[in-house]
Amino acid sequence: MSNSILPSDPRALRQLIREGLYTGPTRGLAPGRIQCNLVVLRQSHAADFLLYCQRNSKACPLIEATGPGDPEPRCSAAGADLRTDLPRYNVFRNGRCEAEPKDIISLWEPDHVAFLLGSGMSSDDALQRAGIPTDSHRWVLRSAVPTEPAGPFRGNLIVTMRWLTSRQAIQAVRITARYPLHHGAPFHIGDPAAIGADLQAPLFGGPVPEKPRDQIALFWPCGVTPQSSAESAALDLMITHAPAHAFITDLLADEHATG
């Protein structure tokens, strides 16, 4: 189904996703609504993961956590089902992604706890309104910056990098700082080598091309960071969203902005 004919109402979109009628990325869908990254794990690991989110809140800004065995995010999207309402999931076993199913009903267990974490896709709409490109000159990279561990959860920060002009960079810093639930302002501006960003091996796509003339690099913490922690934690089972296939809530991003 083409994005151009998809409804903008989040409930209608979730219904299409639940019925398997849309399985693509959610970037650009339901403009203005908060989109969330997902982490599902056993209750025995939930306290450690909650602490990991608190210690690394820019990378893992917590929107909501469900009770054990409850797949409904009652605060952010009443009536939704986190087992079916994302277009695609990643299933990690012992630290390795082994499957990308379109629903996780068969994997859901009574002790599962789901965490919804803010996504940078929710601040993209504000950047676009300011005329700042959000898709071109954008890459997801590994860095050498360690996250603060909690229990088995650890690993280096995953970052989103953009090439922007100086004028765009000033605007982007000002705009994204208003959205702390979506990673906030950049944590680094300038030389990628200063944070050990690997421009030769982005997580998605080919190497980052040579720096465009008169542009600088800006780096935001990325919501893929919990998936990196899953590799380090090597839990018997951890389920996340597939990158760029987020959960669309009923919440309005601008209502949760600051300033």
Side-chain angles (χ1 to χ4, degrees), residues 36-39 41 45 48-63 90 92 95-97 115-124 127 134 137-164 166 168-170 172-212 215-235 238 240-244 246:
C36 290
N37 301 324
L38 174 71
V39 172
L41 35 70
H45 299 297
D48 283 334
F49 187 74
L50 177 61
L51 182 57
Y52 184 76
C53 292
Q54 291 173 334
R55 289 176 172 174
N56 302 280
S57 59
K58 283 184 70 69
C60 309
L62 183 63
I63 302 291
N90 278 356
F92 291 86
R96 295 191 177 188
C97 184
F115 293 84
L116 290 175
L117 309 176
S119 166
M121 290 192 290
S122 295
S123 55
D124 281 358
L127 292 173
T134 58
H137 300 301
R138 175 186 178 278
W139 294 270
V140 177
L141 308 169
R142 297 186 185 275
S143 80
V145 178
T147 58
E148 187 171 351
F153 301 100
R154 62 194 66 242
N156 289 350
L157 185 68
I158 305 299
V159 297
T160 297
M161 170 189 160
R162 287 188 172 95
W163 292 122
L164 296 175
S166 296
Q168 290 172 335
I170 292 170
V173 171
R174 176 179 57 83
I175 291 169
T176 55
R178 297 184 59 238
Y179 295 89
L181 293 181
H182 317 300
H183 310 304
F187 85 101
H188 177 68
I189 300 174
D191 185 7
I195 59 170
D198 187 355
L199 273 61
Q200 295 305 306
L203 271 66
F204 318 107
V208 178
E210 185 177 346
K211 174 183 172 300
Q215 296 195 3
I216 57 177
L218 287 80
F219 298 86
W220 283 265
C222 179
V224 180
T225 299
Q227 299 194 15
S228 178
S229 78
E231 297 174 5
S232 301
L235 306 182
M238 179 171 170
T240 72
H241 69 293

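One is the number of the first residue; the rest follow in order along the sequence. Any value given below was found using the heavy atoms of this structure, including those in side chains, with hydrogens, waters and symmetry copies removed.
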Where the side chain of Lys58 meets the backbone of Leu181, is there a donor-acceptor pair that is under 3.5 Å apart?
-> no
Which pairs, with at least one residue in residues 180-207 and sequence neighbours excluded, count as a side-chain hydrogen bond (donor to acceptor under 3.5 Å, both in side chains)?
-> none
Indicate yes or no for a side-chain donor-acceptor contact from Asn90 to the backbone of Thr240 under 3.5 Å, with no hydrogens or angles considered.
-> no
Partners of Arg55 by salt bridge (charged side-chain N to carboxylate O under 4.0 Å, His left out), sequence neighbours excluded?
-> Glu148
Does the side chain of Trp139 come under 3.5 Å of the side chain of Thr160 through a donor N or O and an acceptor N or O?
-> no
Aromatic ring proximity Phe187/Phe219, centre distance under 6.0 Å | no
Give a yes or no on whether the backbone of Ile158 and the side-chain of Thr225 come within a donor-acceptor separation of less than 3.5 Å.
-> yes
In terms of the angle between their ring planes, are Phe153 and Tyr52 parallel, tilted or perpendicular, with boundaries placed at 30° and 60°?
-> tilted
Can you measure from CG (Asn37) to OG (Ser122) and round to the nearest 0.5 angstrom?
-> 8.5 Å
Donor-acceptor contact present, side-chain Thr176 to main-chain Ala172, <3.5 Å | yes
Spacing of SG belonging to Cys97 relative to CD belonging to Gln227, to within rounding of 0.5 Å = 7.5 Å
Please name all residues satisfying salt bridge (charged side-chain N to carboxylate O under 4.0 Å, His left out) with Arg154, sequence neighbours left out, ordered by chain then number.
-> none
If you take all heavy atoms of Cys36 and Ala246, which pair is closest and at what distance?
-> O-CB, 3.2 Å
Is there a side chain to side chain contact (heavy atoms under 4.5 Å, CB included) between Leu218 and Val173 once you walk through the steps?
-> CA-CA 9 Å; Leu218 287 80; Val173 171; 4.1 Å; yes
